[in-house]
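By convention in this document, chain letters (A, B, ...) are assigned in the order of the sequence lines, proteins followed by strands, and residues within each chain are numbered from 1. What you see below is based on every heavy atom in this structure, not just the backbone, and it leaves out hydrogens, waters and symmetry mates.
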Amino acid sequence: MFEARLLQGGLLKKVLDSIKDIITEGNFDCSPNGLSLQAMDSSHVSLIDILLESEGFEHYRCDRNIPMGLNITNLVKMIKCAGSEDIVTIKCEDKPDNVTFLFESKDNDKISDFEMKTMTIDDEHLLVPDQTYTAVVKMPSAEFQRLCRDMAAIGDTVNISVTKEGVRFSTTGDMGTANITVRPNPSGDQKEEERTEVQITEPVSAGFALRYLNSFTKATPLSPTVTLGMVPNLPIVVEYKIADMGHVRYYLAPKIED
Amino acid sequence: KKRQMGIASFFARK
């Protein structure tokens with residue numbers, strides 16, 4: 001059986017908000033290591049990779065690997081019924097037809113349980129190799145969100161170029177062009193999460209669809225910083241770390257010159 | 001003109 005108790009139930013809402021615009025269903029894989037999900041969007045252009053490590057739960061029990069196929073839209077509806085301060089417990093049997101969500105209010109004066117039907121999802125899992133990135137950019141997640149939104153107002157595709165001087169985001173649309181350069185700032189008075197850091201072994205440049213990058217920024221409430229990893233001619237990874245728990249990562253295939 | 005690649009063309013299937 002599987003049973004996991006999460007003290008910060010609001011975290012589940014944030015995780016679901018970060019994927020609900022991209023996928024409509026997915027297999028949550030319960031394993032002794034934690035709860036994970038890998039799923040492609042319907043156009044198979046991007047890949048979501050979520051990990052919530054077992055250590056991040058107050059209580060975690062998983063005797064064997066269990067794929068828990070869930071409709072994300074329905075899951076969002078159910079988790080919305082939890083208060084943002086509620087403690088959430090997820091429970092299911094080894095071959096579940098249903099998953100139970102137990103919500104306990106912080107003061108323990110209200111307990112709710114919801115049961116949701118599971119579904120069988122045939123999805124192919126991709127093997128994402130442990131990659132050494134040519135360029136890694138860490139920046140405030142709110143700034144990345146703003147930047148993607150601004151770029152999307154002008155064009156459909158953003159070209160991201162990383163050099164040791166900084167990261168340049170460029171786009172072109174019917175009305176004109178836009179360029180935004182974010183420079184690594186010196187580690188002065190700023191808090192770590194307010195800094196922009198660039199690590200590169202060589203300059204990298206590639207084009208990506210803004211529609212997807214904008215969807216990824218729905219994960220902004222999960223982390224004060226976002227990390228972009230690039231390798232020439234490979235998908236970009238956009239990572240939001242979840243403190244003491246794991247991550248939400250998005251991989252987006254580049255646009256290639258025809 | 002740029003062409004959108006699919007994600008599965010970059011990663012092996014498990």
Any side-chain heavy-atom pair of A:Ile48 and A:Ile23 under 4.5 Å: yes
Residues in salt bridge (Lys or Arg N to Asp or Glu O under 4.0 Å) contact with A:Lys164, at least two apart in sequence or another chain: none
A:Asn214 versus A:Arg149, side-chain donor and acceptor atoms under 3.5 Å: no
Non-hydrogen side-chain atoms of A:Phe28 and A:Leu52 separated by less than 4.5 Å: no
Ion pair A:Glu93/A:Lys95, N-O distance below 4.0 Å: no
Got a list of the donor-acceptor pairs under 3.5 angstrom between chain A and chain B?
{"from": "A:His44", "atom 1": "O", "to": "B:Ile7", "atom 2": "N", "distance (Å)": "2.8"}
{"from": "A:Glu124", "atom 1": "OE1", "to": "B:Arg13", "atom 2": "NE", "distance (Å)": "2.4"}
{"from": "A:His125", "atom 1": "O", "to": "B:Lys14", "atom 2": "N", "distance (Å)": "2.7"}
{"from": "A:Leu127", "atom 1": "N", "to": "B:Ala12", "atom 2": "O", "distance (Å)": "2.7"}
{"from": "A:Ala253", "atom 1": "O", "to": "B:Gln4", "atom 2": "NE2", "distance (Å)": "3.0"}
{"from": "A:Pro254", "atom 1": "O", "to": "B:Met5", "atom 2": "N", "distance (Å)": "3.3"}
{"from": "A:Ile256", "atom 1": "N", "to": "B:Arg3", "atom 2": "O", "distance (Å)": "2.7"}
{"from": "A:Ile256", "atom 1": "O", "to": "B:Arg3", "atom 2": "N", "distance (Å)": "2.7"}
{"from": "A:Asp258", "atom 1": "N", "to": "B:Lys1", "atom 2": "O", "distance (Å)": "3.0"}
{"from": "A:Asp258", "atom 1": "OD1", "to": "B:Arg3", "atom 2": "NE", "distance (Å)": "2.8"}

Note, A:Lys218 side chain near A:Tyr240 side chain (heavy atom, < 4.5 Å): no
